[in-house]
Structures are given as C-alpha cells and as structure tokens.
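No experiment lies behind these values; they were computed from the predicted model shown. Chain A is the first sequence line, chain B the second, and so forth, proteins listed ahead of strands; every chain is numbered from 1.
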Amino acid sequence: MARHRGRGVATINYPIGMNLGGDPSQALVHSNPTGKFTVALSSIDLGQGMKSVTRQICAETLGIPVEDVYVDTADSDTGPHCMGSFASRGTHRVGNAVMAAAREARAVMMEAAAEELEVDPGDLETDGRGSIHVKGAPHRAISVRDVAIAAQFRQGKTISGRGIFLVPLSDVNPETGEMSPATCYAHACQIVDLEVDDETGEVTVLKMTSAYELGRAINPKLVEQQLVGGSWMGMSHALFETPEPYYPDTREGPRDFNEYLMPGPGDICPHDIVVLERPAPDGPFGAKGPGEMCANPSLPAIANAIYDAVGVRIDELPITPEKVLRALKVRGRPEAPPRVR
Amino acid sequence: MKTSIQFRLNDEEVATFADSGSNLLDVLREGIGDLSVKGGCWQGTCGTCTVLVDGMPRLSCVTLAESCEGKSIETVAGLRQGAKLHPLQTAFMERFAAQCGYCTPGMLMAAKALLDREPNPTRENVVDAICGNICRCTGYEPIIAAVLDAARAAPRRS
Ligand code: FES
Ligand code: FES
C-alpha cells in the first residue's frame, strides 16, 4: 500500500490545420469613411482569441492602429467561407487570409493617399498611428481617415481587399509514395511528474514542465492562455473524460456533469512553460498555432509516467483508477517503498 | 399559478410575477431581465448560475424563487460601481481568466462571496470557493491567480 512517483515524457510534431493540402479560409477587409477597417470572417472565436489575433494581423499589415480595426465573425451565411476553428488552424490559415486581404486593401489605400498628396504610391509609408506620409518627409502627410473620406466621396474607390489562403495539394512521389502532408508543424515536449496510489488506483498529477515551439507568438498572453487551458484539457482526456463504464451503449453513458467528470481546480498542478518562437516560413508574421496541439503531449506523457511509477502500461484512455487497479492486479503491486528521486 | 415575488437585486427593489415553483435563474433572466446570470445545466452541477443570496453563493437554477422573497440578491450586473470595475473584474481581465466566458459570471460571484467573507484567502480557500464551478477553457490556474490578485488589490477594510 503505497504511493509511487513516476515521470513521463512525450514529444509531438503537430501539423497545423488539415493534412494533404486544401483547407481554405477567406477574409474580406474594407474601410468605412471614418478610416476604420472591418475584417469580415466566418471563422469563429470561441474564446481562443481569433478576433484579437486577426485584428492584430490586419492592423499590422495595413499599417494602422489596432484600435481602428473591427473583426466581424458574425455569420457563416453572409461572411466569406472558412473551414472552421479546429486543428490549431485559425491563426495560420485565417491569419494568412486576413493578411492577403489587408495587403490588397493597403494597396488601394496607398493609391488613394497618393492621389490626394499628388505623389507616387511607392513613395508613401504608414506610421502605424493613423497617418500616411512621404518617405523621409513626415510633414507631407494625410490621415487614414481623410484618405478614406476622399476615396469614398471624391475618388469613387472602395478601400477593400480580398484574401484567401489555400494550401497547395500535397504531391506524392509515385515511385516511393513519399509525401509531405502538411506545410507547417508545431512542436512540443512535456514532462509530467505524478503519483499513483496502488491501493485506490488514483493518479495525482504533481507537476508539468513543457516547451512549445509554435512559430511567432503574435499575442503572447493569448498563447499562454491556450497552453495552460490546453494542458488541463490534455490531463482531462488522459485521466477523466469518458462515456464509460456504460460504453458501448451510449444511451447508458454519462448524462451530466455529475457523471461526465473533468479535473476541477483542486486537481491542477504547477506548470512550467517555455515558449520557443521559430517563425514559420508560410505563417502570418511567422505564426503557427497553439490551439489544439497543446493538449496532445499530456496524454502520452501521463501514460508514460504511470508506467514509470507502477510498471503498468495502460493503452486505453482515460486511465481511470479502475483500469490502474485491474492492471496492477495482473502485474502485482510494485515494491514499496516508492522510489526516491 | 402566478405568484408575486419581491426582493432586492443589486441594491434595487424589484418585483415580478412568476409561476409558483419557478427557479431563481429563470425569474432573474426572464422575469426581471438580468441577463448577466447564465444557465448552463439547470441541474446544479456546473455553477455558472451562481448568485449571492444575502451574501451566500447559491446556484440560482436550483433555488426556489419564492424562497428569496424579501432577500438581497447580487449578480454580476451589480459588481461594478459606476464606471469603476470591481477588483475581481480587473484581475480577471489582467490574468486572462476568461476565454469563452461562459463560466465567468458564476466564477466572479463565487469569488466575491469568498472575498466578502475572507479578504485574505489562501490558495486553498480559493480552490474551495470555486470547486463547484466548471470551466472548460482556462485550466482554472488563471482564475485562481486572478482571485488572489483581487484580494491583494482590494482596499483593506480596517
Ligand atoms: S445552471 Fe445552475 S449549476 Fe448549472
Ligand atoms: S472561460 Fe470558457 S468555461 Fe470558463
């Protein structure tokens, strides 16, 4: 009867978005006569920060303050098409589409500004604070707002842009069958320290230590938020969430939060996180995506740590106390006292 | 049968008619129109509908509305004082303690009940206070950190 400590490690290569190519998302960007810009998307922000990140990407590409960009994700009936918010694809796919749309809109904005200032558009630059001026001559300037008014009421131009990101279909080498199914991979490594009680089968996660490589972190606080929440979800998948013990008759499965369990605030553990930023060549400003990928390493790392702790290899998730006890019954309890580290 | 119910909601007297046997959650949302209170499970298991009844956290979905006659009820809609956010609201923002935000009203009220009662909570106190509230997004750590921050930031009562 003892509690045994174990440590497990897992690493993952996570292909961003759907494999084999395709996986498109579209964005439309336009200004209104106040010089504020709207990004129209069908992509959904379900709390992960899609709106914030696409807003930053649009503002940076246009060269205007982030406050002047509004992201409208309202309606898949009326918005441009998107495959959806999953597979860590939002920042990468939608971000790229927004960037393309904002580039096209910026070109029109610069042309309209050039017409007002009577210069060549190539001689103009944005200051990121809402003004456009002649390179090297900041006093020859016009505000984005005045450009938008001129475009609308005098020049008869829409300052707008269309963007789509479509991954080329993956080539297959006919000789070898070799292919590269994705263009962009995020990476992670996680170490989990935990304790297994050989009497109750209960697993207590004590500490997580992780490194994530996810391209440029466009919004570091949102990235951290994803990583913290995602590893909680990984722990939840590894140890808690299940339609058992009633499976396969799902009519007998859990019906509510009393029966479908997840770790609560008392089940979480300290988590040391390091973020490595290696810009992705095909990502918007080098970004990949942290969303779904960060939940992945916790599952194998926890399974490995349990093996390290009590020598049982459980290959069906979630690893409930019942499964641990059954496996221990077959294998026999490990020697007590637990190993000291 | 409709019955009249009267109580204080965020320091204002309110009254409405409701089917007798109604739960407080439906009365607050549909009868009074306070949509800051959210319903998740309607069976007392998720915690998002938490409101304070005479200062105590209560799951409004399983609280009989009539049992609140004459009592004082607090919801998230009453948290901020004029233009000034409650320290908990500020801390939740600064700690990025909300993602989808669905659990947030319940978390805020559960945390407020704690801080009203225990201005210097330990981490364990915070975990106890919010352990009936389910969050699917944040992993709880940012919420715990925010509540501890808010406790530190709040003006000390002497
Ligand atoms: S709605 Fe009341 S506890 Fe879920
Ligand atoms: S923020 Fe989504 S449930 Fe808590």
Colleague: Please name the pair of heavy atoms, one in B/Val53 and one in B/Lys71, separated by the smallest distance, quoted to 0.1 Å.
Modeller: CG1-CD, 3.7 Å
Colleague: Which one, A/Ser231, A/Gly229, A/Gly266, leads in non-hydrogen pairs under 4.5 Å with chain B?
Modeller: A/Gly229
Colleague: Taking side chain as everything from C-beta outward and backbone as N, CA, C, O, which of these in A/Pro263 sits under 4.5 Å from a heavy atom of chain B? Side chain, backbone, both or neither.
Modeller: backbone
Colleague: Contact part of A/Ser236 toward chain B, heavy-atom cut-off under 4.5 Å: side chain, backbone, both or neither?
Modeller: side chain
Colleague: If you tally heavy-atom pairs under 4.5 Å against chain A, which of B/Asp128, B/Ile130, B/Val126, B/Asn133 wins?
Modeller: B/Ile130
Colleague: Would you check if there is a donor-acceptor pair between the side chains of B/Asp34 and B/Thr75 at a distance under 3.5 Å?
Modeller: yes
Colleague: Pick whichever of B/Gln43, B/Glu141, B/Arg136 has the most heavy-atom pairs under 4.5 Å with chain A.
Modeller: B/Arg136
Colleague: Checking A/Leu46 against chain B: side chain, backbone, both or neither under 4.5 Å from a heavy atom?
Modeller: backbone
Colleague: Name the member of A/Gly264, A/Gly49, A/Gly230 that forms the most heavy-atom pairs with chain B at distances under 4.5 Å.
Modeller: A/Gly264
Colleague: Evaluate the criterion side chain to side chain contact (heavy atoms under 4.5 Å, CB included) for residue pair A/Gln56 and A/Phe285; output intermediate values, then yes/no.
Modeller: CA-CA 11 Å; A/Gln56 285 176 266; A/Phe285 298 103; over 6 Å; no
Colleague: Look at the side chain of A/Ser25 and the backbone N and O of A/Val94, then say whether any donor-acceptor pair between them is shorter than 3.5 Å.
Modeller: no
Colleague: Could you give the distance from OG1 (A/Thr242) to CG (A/Leu317), rounded to the nearest 0.5 Å?
Modeller: 9.5 Å
Colleague: Ion pair present between A/Glu224 and B/Arg95, side-chain N to carboxylate O less than 4.0 angstrom?
Modeller: no
